[in-house]
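Here the structure is laid out as structure tokens; the discussion comes afterwards.
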Amino acid sequence: MDEKTTEIYKACLKETEIKYGYGDGFFKPRLAGINHLEVGHSKIISNPVTILLEAIFSFYKNLRRRVQKLNALLFPRRHHIYAKVKDSYVTGRLMHLDRAEMNVPIHNAEVELWARTKFTFQWKKLGVTVSDNEGNFEIRYTLREARNFFIRSIQLEIYQPTDVKYNGDRPSTTYRVYHCEKINKSDLIGLGYSVNTIALPLWEYRTDIDLPRAYFPENLRFTPEVYVQGREDALIQQLIPIELTKQKHLFQIKKEPGMLTLEDIQKDYPENLTLAMEKKLPGYTRGDEWFGFRMMNGMNKASFMPDKDKKGIYHVKFFGAGDYEHNNEYAFPDTDIEFEIHKDKTPLPVAITFTGPLNALNKDPFQTRTFTRNDGEDWLAAKRLARVCGAVCAEVDEHYTGTHVNTEQFAIAAFRNFRKNPVTWILFPHLKEVSLINAGADKTIIGGYLPTATALTTKGLVNRCRDILGVHNWKGWQPMEVINETHTYAKAENLFWNLLGDFMDFFFEKYEKDIKTFWNEVYFFSEDLVNHSVPVFLSELHVEKMNASKKERYERLKEYTHFQFGYHPEHSAEIVHGKSVAMSSITKSKTFTRDEDFNNLKDACRYAIMMATFSHTWINEHQYDDLGEILYSCGGLRFGEKESGVIGPESDPHIAPDLTRSTQMLWFTNFLSRTEYGFITRNEENDIHPYFIELLLKHKDEFMELGVDIESIESRTNI
Ligand SMILES: [Fe+2]
């Protein structure tokens, strides 16, 4: 890119930069919350009476919070236990209420025995303990104190860590009562009393899907977690105008579809990067230079694999619908883009080869067609189709699978097992809310928008996710190799990874002793990660029985996905239920024995935080840049009825997305890119380690040079 074009590009980036400034008046329409979002009509509250009722409910919630605070003030929980002789005990066992596995104990959970007095309602702590590796606990207490005439009630409380807070550089964990078991005072007689087994629905795994996903029950009382208020507010403030635009379009499509065009829809949404560029440099965004630049440094951040024979030639591959369940409306062929990359120059596409159907007439999955720069209009169409296939792969493989679901598998394992170990302080803030947003995406994206706007069905999407997760492992992962000076994405990714490494070194050195003391939590964390990991990609297929074309395709798939996701099959050494699984074990011991395991834990934490922060933010925030212009790129080009199929001009409305899909696409890309909340350096919840923030801010200018505003990197995957 020459100097003048670079200047224009920077100006367009600035013009289309996402800002957080929507005013929120009292009687302005508001959303009922993230869980009420729909690809159709999201639940919007616009009736003044309903808004007033909502306000009253919100007032009631605030009042209830205040009453609880007053309660705590009047009836404080004094944690000192005065009794000297503890002559009795309460025993029990804590277990996970997992549907599939009924014998998973809850370890290291704090269990407290409390009494409440008659007349004055004061709290008195009788005893405290922690459950062991088998979930067993025994609280020693003084029987006479419990049976005292002035004691009104007795209860057993089980605590679960919920939040992390920093006071300067001193972290602390907030524990809340997760379960309360009332005990009859009259039952406390003699030496001991048993509450038997208490089975708790605590961060359960879903059993209806072959993916490591958190179970969300219908009864919201036992939802594993909830969004922080700021996250809900950010969504409401940013999304309302966009939601109203989508609803207006859907209404028009229903009533008078002939009165609405793709152009009208486009104009109603905020201008994106490609449209801004087109205004200043007409035709540039359809040119070769921009194509190579965005493939390398845009939302796709594609992986350029060196050609085995030709020096300076690289391949970017997007694998299409293949054997996954798909519809016959949209084209999704395998795509191989050959690039030439000269020293310190933007990659330029030389040829694009598609394998698979490009029209509605010939459905041979192994037909191939190659387009080159000499193909005039067809070359433009080929680049457009390549962009579209790349966008689907970026969204499904890199964004949804690589960051959302990948992070969730670490989140569930962490929230189930870490209670006392200091890694709680670095994992929880970066892993929270991902299971919530993924549960929402099940309905709106995987089961809603994508099956209607891309070639893949919901079943196809879920199976693809399971496969691609099979090339994700913390062990051996490294950031992308920097190809040349123009590869700013890879440079930024490496810089962030290195700083994250510095932070991990600092933290693990500082808390080494306690990390090793509470090593049993690391063991259970590792066991959950491995035991719920998906099988290694393609390990369940009998490739040797396939025909030559299929076999050759799967070999290519394997080679490229390993390269793309930094996966090293030699590290996937665990076998679960007879299947080789992707995740490596961190440790095999409940007590600390090997230095290698300590480094494993450090590497696994570093990887999980990288995926939840930098990797997710990159794709999420660039969605509107690269998927914000309907005719430039989208979720799928329709086959249409002509023989030329998807190799047609942008002016052909039969291959472009229809009106409904177009407004939904722009709604989605706006919604996902504009409603981010929770950034590392802004530290809204005061739960990010100050040293991590300091390290990033120290390199702010360096990041900016690479086109990354470090203050926009999210602290967690929650959108
Ligand atoms: Fe996302």
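Keep in mind that what you see is a predicted model, and the values were worked out from it rather than measured. As a basis for the values below, the full set of heavy atoms in this structure was taken, side chains included, without hydrogen atoms, waters or symmetry mates.
A donor-acceptor pair is defined here as one N or O able to donate and one able to accept, closer than 3.5 Å; no such pair exists between the side chain of Thr129 and the backbone of Ile139. At least one donor-acceptor pair under 3.5 Å links the side chain of Asn600 to the backbone N or O of Ile586. At least one donor-acceptor pair under 3.5 Å links the side chain of Glu225 to the backbone N or O of Glu433. Side-chain atoms of Ser715 do not come within 3.5 Å of backbone N or O of His430 as any donor-acceptor pair. Looking at His96, its side chain does come within 3.5 Å of a backbone N or O of Leu202 through a donor-acceptor pair. Checked by atom type and distance alone, the side chain of Ser526 never pairs as donor or acceptor with a backbone atom of Ser585 at under 3.5 Å. The backbone N or O of Pro161 sits nowhere less than 3.5 Å from a side-chain atom of Arg419 that would complete a donor-acceptor pair. Side-chain N or O atoms of Asn167 include none that pairs as donor or acceptor with a backbone N or O of Arg170 at under 3.5 Å. Using a distance-only test at 3.5 Å, with no hydrogens or angles considered, no donor-acceptor pair links the side chain of Arg152 to the main chain of Phe149. Under the 3.5 Å distance criterion, the side-chain polar atoms of His616 are left unmatched by any main-chain donor or acceptor of Ala612.
The line from CD1 of Ile688 to CG of Leu696 is 10.0 Å long, rounded to the nearest 0.5 Å. Atom CZ of Phe137 and atom CD of Glu112 lie 12.0 Å apart (nearest 0.5 Å). To the nearest 0.5 Å, atoms CG (Leu113) and OH (Tyr193) are separated by 11.0 Å. Between the CG atom of Leu529 and the CD atom of Gln409 there is a distance of 6.0 Å, given to the nearest 0.5 Å.
Between Thr401 and Asn406 there is no side-chain heavy-atom pair separated by less than 4.5 Å. Contact of the Ile198 side chain with the Leu156 side chain is registered, since non-hydrogen atoms from C-beta on lie closer than 4.5 Å.
Look at Asp87 and Arg140 and you find no salt bridge, because none of the NZ, NE, NH1 or NH2 atoms lies under 4.0 Å from a carboxylate O. Contact check on Lys700 versus Glu711 returns a salt bridge, with a Lys/Arg side-chain nitrogen under 4.0 Å from an Asp/Glu carboxylate oxygen. Between Glu408 and Arg213, at least one side-chain nitrogen of the basic residue sits less than 4.0 Å from a carboxylate oxygen of the acidic one, meeting the salt-bridge criterion. In this structure, Lys420 does not pair ionically with Glu521, as no charged nitrogen and carboxylate oxygen lie closer than 4.0 Å. Look at Lys602 and Asp597 and you find no salt bridge, because none of the NZ, NE, NH1 or NH2 atoms lies under 4.0 Å from a carboxylate O. For the pair Arg716 and Glu714, the salt-bridge criterion is not met [side-chain N within less than 4.0 Å of a carboxylate O].
Minimum interatomic distance between Thr173 and Trp425 (heavy atoms only, all atoms of both residues): OG1-NE1, 2.7 Å. Contact between Leu97 and Glu204 at its shortest, heavy atoms only, is O-OE1, 2.7 Å. Residues Thr142 and Val85 share a closest heavy-atom pair of OG1-O, 2.7 Å. For the residue pair Asp514 and Pro422, the shortest heavy atom distance occurs at CB-CG, 3.4 Å. Across Cys605 and Phe508, no two heavy atoms sit closer than the pair SG-CZ, 4.1 Å.
Between Trp203 and Phe415, the angle of the ring planes stays under 30°, which puts this pair in the parallel group of the 30/60° scheme. The aromatic rings of Trp114 and His79 stand perpendicular to each other, their planes meeting at an angle above 60°, with 30° marking the opposite boundary. Between Phe692 and Phe503, the ring-plane angle classifies as parallel under the 30° and 60° cut-offs. Using bins of under 30°, 30° to 60° and over 60° for the plane-to-plane angle, the ring pair His404/Tyr400 lands in the parallel bin.
Figure legend: Arg77 and Trp123 shown as a cation-pi pair, the cationic atom lying under 6.0 angstrom from the six-membered ring centre and within 45 degrees of its axis. For the pair Arg206 and Phe216, the cation does not sit on the ring face, since its NZ or CZ is not both under 6.0 Å from the ring centre and inside 45° of the axis. Remark: Lys588 is not positioned above the aromatic ring of Tyr523, lacking an NZ or CZ atom under 6.0 angstrom from the ring centre and at most 45 degrees off the axis. Figure legend: cation-pi geometry between Lys590 and Phe525 absent, as NZ or CZ is not positioned both under 6.0 Å from the six-membered ring centre and within 45° of its axis.
Taking the ring centroids of Tyr205 and Tyr215, they lie at or beyond the 6.0 Å cut-off. Residues His689 and Phe506 place their aromatic rings such that the two centres sit under 6.0 Å apart.
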Should Ser194 and Asn196 be marked as a side-chain hydrogen bond (donor to acceptor under 3.5 Å, both in side chains) after you check the CA-CA gap, both sets of side-chain angles, and the distance that decides it?
CA-CA 5 Å; Ser194 173; Asn196 298 317; 3.2 Å; yes

Decide yes or no on side-chain hydrogen bond (donor to acceptor under 3.5 Å, both in side chains) for Arg116 and Gln122, but give the supporting numbers first.
CA-CA 6 Å; Arg116 207 153 192 202; Gln122 294 301 312; over 6 Å; no

Under the side chain to side chain contact (heavy atoms under 4.5 Å, CB included) rule, what do Lys118 and Ile151 come out as? Steps first, then yes or no, please.
CA-CA 6 Å; Lys118 286 176 186 165; Ile151 297 299; over 6 Å; no

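For the residue pair Ser589 / Trp519, no side-chain donor-acceptor distance below 3.5 Å is found, with atom types taken as modelled. At a cut-off of 3.5 Å, with distance as the only test, no side-chain donor of Gln160 or Arg176 sits close to an acceptor on the other residue. A side-chain donor-acceptor contact under 3.5 Å links Gln155 and Glu157. In summary, the side chains of Asn620 and His399 do present a donor paired with an acceptor at a separation below 3.5 Å, with no hydrogens or angles considered.
When each of Thr717, Asp687, Thr162, Asn718 is paired with Lys432, the side chain to side chain donor-acceptor pair (under 3.5 Å) condition holds for Asp687 and for no other. Of the listed residues (Trp474, Phe418, Tyr607), just one forms a ring-ring contact (aromatic ring centres under 6.0 Å, His included) with Phe410, and that residue is Tyr607.
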